[in-house]
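Structure first, commentary second.
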Amino acid sequence: MMDLNEKSYIYQLLTQRFPTETEIPLSSISLWMTKNGAYSRNYGYIKMKSLLLDLPEFLTFYEIPNGTINPEQYVVLHHWQPGSDGGSYDGYDEGYDEADASFYSLVNVPSKSTAAYAALFNMTLEDVYDEIAQAFEEARASGALEDGGSCLRYTTPHATVILTENRYQEMDGRPWHFSFESPLPRTGPAASPAAPAMQAAHAAPGGIPAASPLSEQDRREIYLALCAALPLEEKLHMARVSLVLNESGHTKERYGFQKMKELLRCLTDFLTLDDAVMGGVPQTLITIHAVPAWSYPHRPAAIHANAAKISLPLPLEMDGTILLPPKTLAKLNLEVTGAEEQPSGELLGDLRESYRKARQSGDFRRRGDAYVFSLNITALNGAPMVASLKETNAANVRWYLNFAGADRREANIPCKMLERFAFLGSWPSFLEELAKKALPEPWDFEGSTQKEYFILQKYIQYTFYRLQLEDKICISEDKSFAAFNTGLVSPYYDDIYACFEAQDDDGEYQTQWRFLEFCTAAGRGTGKKLVEYFNPLPQPASYFERRGDLLFDLEKELHTDYEHILLDNISRLPLDFIREECRGAEEAQELIDEIEDGQDWAARKRFYRQLSDLIASTPRLFNRMRNRLEDAIELARKQVRWNFKTAIPCYFPTRNVMSLMLPLALQNDNRADAALVVELTSSGNYQGQTILTLQQAYLDGRLLCRPNSEWLDSETIYSDGDYDDD
């Protein structure tokens, strides 16, 4: 433990470099400390984070779950006046005796859990801290502390406390993690409306409620988030459920789980998990059951589910109720206009209107302790923008705008997930090793100007993303070894696995894992270790949920979004096709010339937007292009009737949905120029969602298997180098 003088020195050191009440990446704090000689070992700590966690008087830590096992870590530096007692710990004062101190030195107590405890039982935070610590000491002294092997249990006057293993013990120093579960239903007005459903669902044989590390409030929030996006009483692929939970902020890391399936198994009051084999690949199907007591009365399902996204009372309007720091507004204006100055009244109006709409619909998401909503504004580069609110301790205002700008959540971008998971070394070496192990096939397009093994890189990135959603990344019990099934096979048709070893969190690469090698089961070296650690072995990604994912049904109607295809995605259409359909339109021909001659992709995109606006405002041009597209779609249906393999199944990572692709011959009936993506809707009809270039179509189709089609062949697709991960 540090004394007051040591803490005061660190505080002075940090305030020399960092502002107070501002989010600071943990890595920046650590770097500044070490640059100034304040090494963790000087104070008796193995890791810098352990040292910083011991400074709650002026530092607050929080983590932002990002869908990986490494949540983003931030620190907020608070103003502090050192006192003779060294300050107070996490908001409760110095009036704690030695018994309390021993509890909090053993147990990590998240502020989220204590806040939920206080809200559920109408208590102050100080009373919560007193109660859980005092009950622990009484249970320990009386022998009532139950040892469940992997957890400890004891009761307080209000709830059952469960102490599970703290997965951050090495950094935090405390072996246990606090959680609680609601008691059996109470009688009277204070009884929880959902308690009967919870009691029935969690009752084990003999009527004893099963232990769960999640509070009732946690489970209810998760339930409402799932109901907002998914149907009830229907078997759903686990990947769909995982995606909804990750996007709504209910990640496994937020609740302290290593695997998503571990979290889902704590939700058996409204979820049923079934193991199935489809297409020879094991997968998990999940059914969501209704809990009427948890629904919002007198509200449609979509509305009550959205309302669950906000658990704190946000003001209805931004004016006069939310602090708008000039620095935050200047950064917003910089991204929108390119000038770092205070925004115009029009931009401020857009900000307020975006907030008002989000508040009315409840369309917020949690990110750490911030409430994030989308802005009806785009950045200079066309990127979507978001803003977020946080609580402040100011007397006259409760909320402040802590961020407004482009949404840079790289952690949630599917193609970035593998790199967030592990250090791979150089991409060329990583991909070359995999290509040499795998059954030979072309991994580049003809005339490609992109990096070598471009197809293979996209394949492995999005395969890993799907595996994460399916919870198929295998980690050994001692957390020293990890592996996943690449979905590729060797020349002998043996599955190829990617293997990783754990590395120090403070290591050079800032990831928990480091790539070892690709191997086959029981092969030399790592292959033997793979078999030693995992039974069953890591499973490949699964995609198919129904027959309709594989075959196009000609009996169903197909409705196409022509405006989205012809206007929003005009850059995916062949230029010669556009030129032919715009014949006689001089302004359009000039724009096509500019696009054709342009070397700068940004300039070409600008000309494409102008061309799209021109076609949209000229019905003659739009109808001419629509008629030609309708002819191409009808020809595609005839081709499917002649050969059902013409319709190629594909997976959209960004939307996590299965679709089918049909060839579009826009210039010559004997050659496809693009692909139409069709999706089977809940009504039973097909929706023509969008158009893809042949390059994009091949990459999406290759995730499932190597396309075996005359119209989609990597060796006949010419790459123009303008691939976009969207």
Original post:
Is there side-chain contact between F178 and V161, with at least one heavy-atom pair below 4.5 Å?
Top reply: yes
**OP:** Would you indicate whether the side-chain heavy atoms of P315 and I322 approach each other to under 4.5 Å?
**Re:** yes
Test of understanding: with side-chain hydrogen bond (donor to acceptor under 3.5 Å, both in side chains), list the residues that count as partners of [X], not counting sequence neighbours.
X: T272; value: H289
X: E262; value: none
X: K261; value: T284

Original post:
Does a sphere of radius 6.0 Å around CD in E477 hold more than 12 heavy atoms from other residues, nucleotides or ligands, not counting ones at 6.0 Å or beyond?
Top reply: no
Quick one: list whatever passes ring pair (Phe, Tyr, Trp, His ring centres under 6.0 Å) with [X], sequence neighbours left out.
X: F464; value: F421, F484
X: Y533; value: F481
X: F58; value: Y11, W80

Subject >> Polar side-chain atom of K479 near backbone of A502 as donor-acceptor pair, under 3.5 Å >> reply: no
Original post:
Is a side-chain N or O of Y154 found less than 3.5 angstrom from the main chain of I132, in a donor-acceptor match?
Top reply: yes
Original post:
Should the pair H250 and Y255 be assigned to parallel (<30°), tilted (30 to 60°) or perpendicular (>60°) ring geometry?
Top reply: parallel
Original post:
Looking at E233 and T287, what are the two nearest heavy atoms and their distance?
Top reply: CA-CG2, 3.7 Å
Original post:
Are the charged groups of E216 and R219 less than 4.0 angstrom apart, N to O?
Top reply: no
